[in-house]
Amino acid sequence: MEQTSAETSSIVPQWGKHRYFPEVSERDWNDWRWQFKNHITTIEELSRYLRIPSEEWELRKRVLNDFKMAITPYYFSLINIDDPDDPILREIIPLPEEYVYRNVGFEDPLGEEDHSPVPGLTHRYPDRVLMVVSNVCSNYCRFCTRKRIMCEQTRSEAEIDRMIDYVAAHPEVRDVIVSGGDPLLMPTARLERILGRIRAIRHVEIIRIGTRAPAVIPQRIDQKLCSMLSKFHPIWINVHFEHPRECTPEAERACDMLSRAGIPLNNQSVLLAGVNDDPATMKALVHRLLCMRVRPYYLYQCDPVHGTEHLRAPVSRGIEIIESLRGHTSGLAVPTLVIDAPGGGGKIPIGPQYMLAYDREEGITTLRNYRGETYTYRDGRRNVDSGAPSPNDGFSSVCGGGGHN
Ligand SMILES: *Cc1c(COP(=O)(O)O)cnc(C)c1O
Ligand code: SF4
């Protein structure tokens, strides 16, 4: 499997259970409840595994006044603690910058609550809604768009009922996205009741679940969960991997089980400075995902959430990364780069420009390919009066033309 050279250079891995949790039995380790119960939530606990410079101790502690921290032992075991700039560490461990930038940006950058007809449900697009059914995660990502809800009360059954009633009363909704928090962290029976009620609504065609569990607590994906989910097909799952190191054998097993339950898996990544904002890391990630039968779906520019300023990579970097993928590797590996417009405009695709010009009158498009070579394409002529063109008129000589298979 492809990894960055830094990660294969050492024969003894610099991270892993054996380094940080050698005393934990395999049985506990593979039990998601153990992982969940033992997640690291305080700076004191964290300092048992990670040296925290004394001058940073106070700032990092203060982060936790505003936002939660939680890290499963499994996910912590992916960190190389010898590297202060470790990418996994940046995703999950509060840094002093998070405190410094705590008031920069927005609490709710996507205006989800302004587009919320009932609490917890966002109806932004014509035919689909987002339901935030829980605010519990096994791990709290420092860049989370919904950091605001981490410290709120858990959703009540009554609130979930109101969301489902809304969907039932809106026949235009054919796609329901069940998100959080992490819906898969709910007890299986509770999630089953929610999915069953959504599935019972005649006009709902597909149910999508957004989860980070396969990346951060893959032990959660067990046979019982998969059998439950497969009762409510068509179910789609969007997973959330940011870095190739998260694509462990455990994660691979989790994704395989979900796929075998008939659930198509798509990945959403956030472009994060110092985590995955370079072409080599992103290429390794998308290749690892395809090997796990996960299709890269979206790459998000990081939302301007409170305390994430230091993690936000510029738009130019996102474009550079897409440019480095498109044409250079399998089209299946290339996600759509999007900005979720602050204020609630929704996801807007951005990316490198391959169409250099379009002359509407003449019907001539000027294009460049991934190597930077220029081609032209001529629109079809609907009117015979415009005269029969010579066979290759309007196409540049090297243009291959048709062939879309
Ligand atoms: C992302 C999102 C969706 C789903 O968008 P797709 O482009 O269909 O994946 C729906 N509703 C809200 C509020 C969203 O943020
Ligand atoms: S798992 Fe998802 S909802 Fe939970 S903290 Fe991470 S990004 Fe936010």
Side-chain angles (χ1 to χ4, degrees), residues 36 39 41 67-72 75 88 91-94 98 108-117 120-152 155 163 166-167 170 172-186 205-218 220 236-243 246 264 266-270 272 275 295-303 305-308 311 335-349:
F36 188 68
H39 59 188
T41 56
F67 310 116
K68 278 192 187 176
M69 175 178 81
I71 311 158
T72 51
Y75 196 70
I88 306 292
E91 284 188 56
I92 204 74
I93 307 270
E98 186 168 344
D108 175 15
L110 309 183
E112 288 183 335
E113 290 176 12
D114 305 333
H115 289 81
S116 194
L121 182 144
T122 304
H123 193 175
R124 189 188 320 284
Y125 300 104
D127 65 347
R128 53 213 190 278
V129 297
L130 169 74
M131 276 176 56
V132 176
V133 296
S134 129
N135 63 351
V136 177
C137 297
S138 59
N139 291 248
Y140 292 104
C141 313
R142 304 328 303 170
F143 50 88
C144 179
T145 300
R146 301 200 188 105
K147 262 181 162 178
R148 66 182 186 280
I149 70 169
M150 288 177 183
C151 299
E152 287 174 3
R155 288 251 175 262
M163 290 189 237
Y166 178 90
V167 175
H170 288 262
E172 70 276 20
V173 176
R174 40 159 293 285
D175 175 358
V176 175
I177 298 153
V178 177
S179 184
D182 200 323
L184 295 194
L185 264 288
M186 286 182 158
E205 295 174 1
I206 64 169
I207 302 174
R208 282 198 252 181
I209 297 173
T211 177
R212 243 202 131 186
V216 296
I217 185 164
R220 172 62 179 113
W236 290 63
I237 288 187
N238 278 348
V239 293
H240 188 167
F241 288 85
E242 312 290 359
H243 190 276
E246 294 166 350
N266 285 267
N267 186 64
Q268 323 203 69
S269 292
V270 181
L272 296 167
V275 174
R295 167 80 154 98
Y297 178 46
Y298 281 142
L299 174 61
Y300 291 91
Q301 285 292 145
C302 183
D303 295 324
V305 199
H306 280 163
T308 57
L311 291 171
T336 303
L337 177 65
V338 293
I339 295 180
D340 216 332
K347 297 175 183 72
I348 301 176

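Just so we're clear, the structure is a prediction, and the values are computed from it rather than from any experiment. Numbering of ligands and ligand atoms starts at 1, following listing order.
Of all protein heavy atoms, the one lying nearest to atom 5 (O) of ligand 1 is Lys347 NZ, 3.4 Å. Looking only at protein heavy atoms, the nearest one to atom 9 (O) of ligand 1 is Tyr297 OH, 2.6 Å. If you check which protein heavy atom lies closest to atom 7 (O) of ligand 1, you get Tyr298 OH, 2.5 Å.
The closest donor-acceptor contact from the side chain of Arg155 to the backbone of Val133 lies at 3.5 Å or more, if one exists at all. Looking only at distances, a side-chain donor or acceptor of His123 sits under 3.5 Å from a matching main-chain atom of Tyr125. Checking side-chain atoms of Thr122 against main-chain N and O of Arg124 turns up no donor-acceptor pair under 3.5 Å. A donor-acceptor pair is defined here as one N or O able to donate and one able to accept, closer than 3.5 Å; such a pair exists between the side chain of Ser269 and the backbone of Phe241.
For a threshold of 3.5 Å applied to N or O pairs, the pair formed by Asp340 and ligand 1 contains no separation below that value. Considering backbone and side-chain N/O of Tyr300, none are found under 3.5 Å from N/O of ligand 1.
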**Asked** Where do Phe67 and Arg142 land on the side chain to side chain contact (heavy atoms under 4.5 Å, CB included) test, with the steps shown first?
**Response** CA-CA 9 Å; Phe67 310 116; Arg142 304 328 303 170; 3.7 Å; yes
**Message:** Assess the residue pair Cys137 and Arg212 against the criterion (side chain to side chain contact (heavy atoms under 4.5 Å, CB included)); give the C-alpha distance rounded to whole Å, side-chain angles, the decisive distance to 0.1 Å, and a yes or no.
**Reply:** CA-CA 8 Å; Cys137 297; Arg212 243 202 131 186; over 6 Å; no
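Contact annotation for Gln268 and ligand 1: no heavy atom of the residue comes within less than 4.0 Å of the ligand. Contacts with ligand 1 closer than 4.0 Å are made by side-chain heavy atoms of Ile177 only, the backbone lying farther away.
Put simply, no part of His115 is less than 4.0 Å from ligand 1, judged by heavy atoms.
Taking every non-hydrogen atom of Asn139 and a distance limit under 4.0 Å, the qualifying atoms of ligand 2 come out as 4 (Fe), 5 (S). Of all atoms in ligand 1, listed by their number and element, those nearer than 4.0 Å to a heavy atom of Arg208 are 4 (C), 6 (P), 8 (O), 9 (O). Atoms of ligand 2 lying under 4.0 Å from at least one heavy atom of His240, given by number and element, are 7 (S).
No salt bridge links Glu152 with Arg146; every basic N to acidic carboxylate O contact stays at or beyond 4.0 Å. A salt bridge links Arg148 with Asp108: at least one charged nitrogen is closer than 4.0 Å to a carboxylate oxygen.
Below the 2.8 Å limit, atom 8 (Fe) of ligand 2 has as protein N, O or S neighbours Cys144 SG.
Across Asp182, Ile71, Leu185, a single residue satisfies side chain to side chain contact (heavy atoms under 4.5 Å, CB included) together with Asn139, and that is Ile71.
Looking at heavy atoms from C-beta onward, Val270 lies in side-chain contact with His240 at the 4.5 angstrom threshold.
Ring geometry for His39 versus Phe36: interplanar angle of 30 to 60°, hence tilted.
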